[in-house]
Amino acid sequence: MKDKDLIVILFYKFVKISDPEKFVKEHLKFCKKLGLLGRVLVSKEGINGTVSGTKEKIEKYKDNLKKDEMFSDIVFKENSIIEMPFTKMKVKKRGEIVTFGEEVNLENTGEHIHPKILKRMYENEKPGEDFIILDARNDYEYKVGKFKDAIHLNIKNFREFPKALEKIEHLKNKRIVTYCTGGIRCEKASAYMKENGFKNVMQLKDGIINYGKNFPDTYWEGKCFVFDKRLVSEINSKGDTISNCEVCTKPCDLCRNCRNLNCDRLFISCLNCQKELNGCCSKDCLVEFGKQCTEKALRKQGRRIEGLKIY
Ligand SMILES: [Zn+2]
Ligand SMILES: [Zn+2]
């Protein structure tokens, strides 16, 4: 890899940050000085980020962060990219670095297991019977890629996880391995599960991205959804597709948000259908999107619609 090659890193660390405001200010300044693009969330509970740049700049960023004692053991998950997946550098203060909505004891999370342990479980045991593999992510993420025989809770966002656990009450005595993209969600999810009667909970260390680095083309199926411009990241060398266009049902893993602002649903749509429905998820949304465009154009001219009249 050359210094000019582009990479994206994913990282988190739960650690007490006493003055998040100050941290945000200094960190943003530093990232901008380096010319990085990405998103870093900071709260009293720690830091969670995705940052992209040339290899040279990312190395500087990593070295600098590790120099701080708080982050000396932080793990960076790295992927090569062709294009920068962000257009801005944002460092923001949040209540939580990953929004869960429930207090959990982060000293009591599920045991971290290395990808090789999970691989060995697949090789020697029957998923769904001897152990349960639980996807802690959202429904649209699960659609484009998942571990073989994984179960999921059909949630739209991570805040729904605690309530949705009711669906798998009957699995409380099973050995369960949870996984998510980079591991951060599993920290909270596994701790919450343990606190709520799940007896044997493990979490995949550093998530899907780390598993894919170690063992591509094994037990991961499809691609991995990521929260930046790329929307999906390749895990396997073959580039397999397990999802279908939600409009015409052809095999496809292109995700996008519906352009109807009142819908804004993340859905899978092929380029052809995106063109036909103008980036909307249904004909109804296309009609509504059309109205929104007209209203916006009129507003620019200082005019408005009321009922069927234009003023
Ligand atoms: Zn289609
Ligand atoms: Zn829609």
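Quick note: residue numbers are just sequence positions, from 1. Just follow the structure's listing: the first ligand is 1, and inside any ligand the first atom is 1.
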- Query: Less than 6.0 Å separating the ring centroids of Tyr192 and Phe161?
  - Reply: no
Checking Ile97, Val24, Thr99 against Ser43 for side-chain contact (heavy atoms from CB on, under 4.5 Å), the one that qualifies is Ile97
Please step through side-chain hydrogen bond (donor to acceptor under 3.5 Å, both in side chains) for the pair Glu288 and Asn262, ending with a clear verdict. CA-CA 8 Å; Glu288 213 169 321; Asn262 295 325; 2.6 Å; yes
query: Looking at Tyr61 versus His27, is the centre-to-centre ring distance below 6.0 Å?
result: yes
Proximity of Tyr211 and Phe147 rings by center, below 6.0 Å: yes
Aromatic ring proximity, centroids under 6.0 angstrom, Phe267 and Tyr140 = no
| task | Kindly confirm whether the Zn ion (ligand 2) is within less than 2.8 Å of some N/O/S atom in Cys258? | result | yes
Shell check on the Zn ion (ligand 1): protein N, O or S atoms less than 2.8 Å away are Cys245 SG, Cys248 SG, Cys270 SG, Cys273 SG
